[in-house]
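Reminder, nothing fancy here: chain letters follow the sequence lines and each chain counts from 1.
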Amino acid sequence: MARPNAEVEALLREYADLIAITGKGAFKQRAYERAARAIGGHPTDVATLDAKRLREIPGVGSSIADKVEEYLRTGRVAAVEERRAAVPPGVRALLDVPTLGPKKAMTLYRELGVSSVDDLSAALRDDRLAELKGFGPKARENIEHGIAVLRQSSGRIALDAALDVAEETVARLAEVAGCRRCAYAGSVRRMKETIGDIDILAAADDPEPVMAAFRALPLVDEVVLRGRTKTTVRTVDGLQLDLRVLGEDSWGAGMIYFTGSKAHNIRLREIALRKKLKLSEYGLFDARTGRKRAARGEEQVYRRLGLPWIPPTLREDRGEVAAAQRDELPELVTERDIRGDLHSHTDLTDGVAPLTEMVAEAARRGYHYFAVTDHAPELRMQRMTLEKARAQREQLRELAGRHGRLKLLHGTELNIDPAGEVDWPAEVLAEFEIRVASVHSHFELDRAAQTRRLVRACENPHVNIIGHPTTRKFGRRTGIDVDLDAVFAACARTGTALEINSHPNRLDLNDEHILRARAHGVRFAIDSDAHAPAHLAHLRFGVAQAQRGWLSPDEVINTWTLTRLRRFLRKPGGGRGS
DNA sequence: GCCGTTTTCGGCCCGACTGTTTTCAGTCG
């Protein structure tokens, strides 16, 4: 289903978790986690590597290489199966509850037989945790809150995972004889930040062969609904997929209907009604005679309604239909407009690839410029020092000019402390060409303190970009409590850009924040925050959120020429800046 | 389990925060 590297990464992570839960072997657990990360971020497909080449991946030795080979050969790993037998899968799922780690999960399982998040909820309700050592009132409250955060996202999955499933399914169905067209629609096509279910549309004269192929997909666990033109299945991961088959002559109307959003479709039907037309998934019809007026292409249907084609990322009933009527749809930023990435990490801190590989990938993507922004010393676990940063700058200089037009920028990701101060004194900050500043801790400060903190960071004459501004993480954290409008205003006033972090678990800022921020006249940076070469491709998710926030290229600083970008990086009061 | 100008053993990313365990374990980044 997913890329082999992603599958192997998931398997090794699971094994690491199982080691942690069963206790003993903290370093072994770390070794598996490290190998999982390295393989997940490895540029070559592990299925094409033999044991010797596998061992060349940092963190992969003979034992892990053997397990990877075993998995690729047989689809299973005996050692993993053994651990699975000892720990019910629901116990591992407890680790997804923030503030619950392996130790507490195991205690809950051993002492109370808790083996799922639902069990845990029940145990909390019956106050059975109170008897346990290490589960005081505050800890129980934290677990309760953790479950609530988790539940907010449960039933939904991250956009990247949904796109993998959607693209794979479309590719399979497109091969079926008699399938004339196939595409995914729904919230995946609108690139919503999380996805509840996946809608697939196919065009065929006879639906049944496509339906049969759909039901037979390896990822299908259960056929929920089975009709002539519509089938619903549930995957082994609990995700719901809907397939609808239409005639090819209804394709455009069908795509509009199944892409949604529902609210957008209602707007369109209202317009149709005023024009004495009727819009359904089969087409746009004359209300009186029933004659078909348009259906084959989305453009034709929109045109018949007196509208230009509206990009799926805008179809949320946020004024796009009215804007289309006035012919004032924004010119949306696209991935092609992006000239470079301004936030990335190497193995000097917590990335998994060396500088050379990150730069090579940036060059391969055709970028004009690329900023390397490893963590600064304040994030202690990264062990950054000024000497290391300067050595990296030298290395970057040596690489300059080796990749055609690609220009390399030496930057850093600073840590914003609770008072809004960042690492390093001004003169050191001035040595860097670009400075991202982000919150990495103290998520619990109150609203006034968080707001002061971020505004202060904006006012720092060396801070160019506020990284992942809300710090929310899908299924982990809701994000800090902060007066975003005050921060947006500070960004606009000080010439500080706001990041749209493209990591599929962050997407921070999200579409709604972007819409609000842009009203303040803020500039944005769409960044990957890549920790591996493959992560540079996450940019597509950030660009999609930018589109959902109605951004045009001019509002995004990394669509600009390097000359214009450099001018922006010299903030008012930023001194030499560079 | 991985790794090596500390090289085949003995380390391993380090520190803060939190709640509760009265001396520190567990979780997080």
- Item | Salt-bridge present (A:E421, A:R456; N to O < 4.0 Å) | yes
- Query: What's the closest nucleotide to the A:P98 side chain, out of B:dG1, B:dG29, B:dC28?
  - Reply: B:dC28
- Query: Between A:R397 and A:E394, is the closest basic N to carboxylate O distance under 4.0 Å?
  - Reply: yes
- Message: Rounding to an integer number of angstrom, what distance separates B:dT22 and B:dG15 when you compare their P atoms?
- Response: 26 Å
- Message: Output the rounded distance in Å from CG (A:N415) to C1' (B:dG29).
- Response: 10 Å
- Message: What contact category does A:Y15 fall into here, base, sugar-phosphate, or nothing, at under 4.0 angstrom with non-hydrogen atoms?
- Response: nothing
- Query: Are the charged groups of A:R390 and A:E431 less than 4.0 angstrom apart, N to O?
  - Reply: yes
Could you list, one pair per line, each protein nitrogen or oxygen that sits under 3.5 Å from a nitrogen or oxygen of nucleotides 13-15 of chain B, together with the distance?
residue	atom	partner	partner atom	Å
B:dC13	O3'	A:R383	NE	3.2
B:dC13	O3'	A:R383	NH2	3.3
B:dC13	O2	A:M381	O	2.6
B:dC14	OP1	A:R383	NH2	2.0
B:dC14	O5'	A:R383	NH2	3.4

- Note on the structure: Assert: residue with more 5' nearest nucleotide on DNA chain B, out of A:L100 and A:G136, is A:G136
- Note on the structure: A:L94 CG to B:dG26 C1', in whole Å, measures 15 Å
- Item | C1' atoms of B:dC9 and B:dC17, separation to the nearest Å | 34 Å
- How long is the line joining CD of A:E444 and P of B:dT27, in whole Å? 17 Å
- Item | Of the listed nucleotides B:dT20, B:dG29, B:dC2, the one nearest the side chain of A:F443 | B:dG29
- Message: Please pick, from B:dG29, B:dT20, B:dT27, the nucleotide with the shortest atom-to-atom distance to any side-chain atom of A:H440.
- Response: B:dG29
- Task: Considering only atom P, compute the distance from B:dT20 to B:dA25 and round it to an integer number of Å.
- Result: 16 Å
- Item | Ionic contact status for A:R37 with A:E9, cut-off 4.0 Å | no
- Item | Pi stacking test for A:F27 and B:dC12: under 5.5 Å apart, planes under 30° | yes
- Message: Roughly how many Å apart are B:dT6 and B:dC12, using the C1' atom of each and rounding to a whole number?
- Response: 13 Å
- Message: So if I apply the salt bridge (charged side-chain N to carboxylate O under 4.0 Å, His left out) rule between A:E193 and each of A:K473, A:R472, A:R506, which one comes out positive?
- Response: A:R472
- Query: Less than 6.0 Å separating the ring centroids of A:H468 and A:H503?
  - Reply: no
- Query: Quick one: which of B:dC3, B:dG29, B:dG1 gets closest to the side chain of A:R34?
  - Reply: B:dC3
- Spacing of A:N142 atom CG relative to B:dC17 atom P, expressed in whole Å: 16 Å
- Note on the structure: The Watson-Crick or G-U wobble partner of B:dC14, with both key distances under 3.5 Å, is B:dG29
- Task: With heavy atoms under 4.0 Å as the rule, sort A:R55 into base, sugar-phosphate or nothing.
- Result: nothing
- Item | Cationic N near anionic O, under 4.0 Å, A:R128 to A:D126 | yes
- Task: Give the nucleotide from the list B:dC2, B:dT27, B:dG29 with an atom nearest to the side chain of A:R477.
- Result: B:dG29
- Query: What nucleotide, of B:dT20, B:dG26, B:dG1, holds the atom closest to the side chain of A:K67?
  - Reply: B:dG1
- Message: Nearest whole Å is fine: how far is B:dC28 P from A:Q29 CD?
- Response: 12 Å
- Quick one: label A:L379 by what it contacts on the DNA or RNA (base, sugar-phosphate, nothing), any heavy atom closer than 4.0 Å. nothing
- Query: If you look at every heavy atom in A:G146 and A:P98, which pair is closest and at what distance?
  - Reply: O-CD, 3.7 Å
- Query: Can you tell me how far P in B:dC3 sits from the matching atom in B:dC13, rounded to whole Å?
  - Reply: 12 Å
- Give the rounded distance in Å between these two atoms: CG of A:L95 and C1' of B:dG26. 13 Å
- Under 4.0 Å between a side-chain N/O of A:K28 and OP1 or OP2 of B:dG1, yes or no? yes
- Whole Å only: how far is the CG atom of A:L18 from the P atom of B:dG1? 14 Å
- Closest nucleotide among B:dG29, B:dC2, B:dT20 to the A:I64 side chain: B:dC2
- 5' priority, DNA chain B, between A:H442 and A:G61 [closest heavy atom]: A:G61
- Message: Rounded to whole Å, how long is the line connecting atom OH of A:Y32 with atom P of B:dC2?
- Response: 6 Å
- Presence of salt bridge, A:K138 and A:E141, under 4.0 angstrom: yes
- Message: Any base atoms under 4.0 Å from A:S63, or only sugar-phosphate, or nothing? Heavy atoms, all strands.
- Response: sugar-phosphate
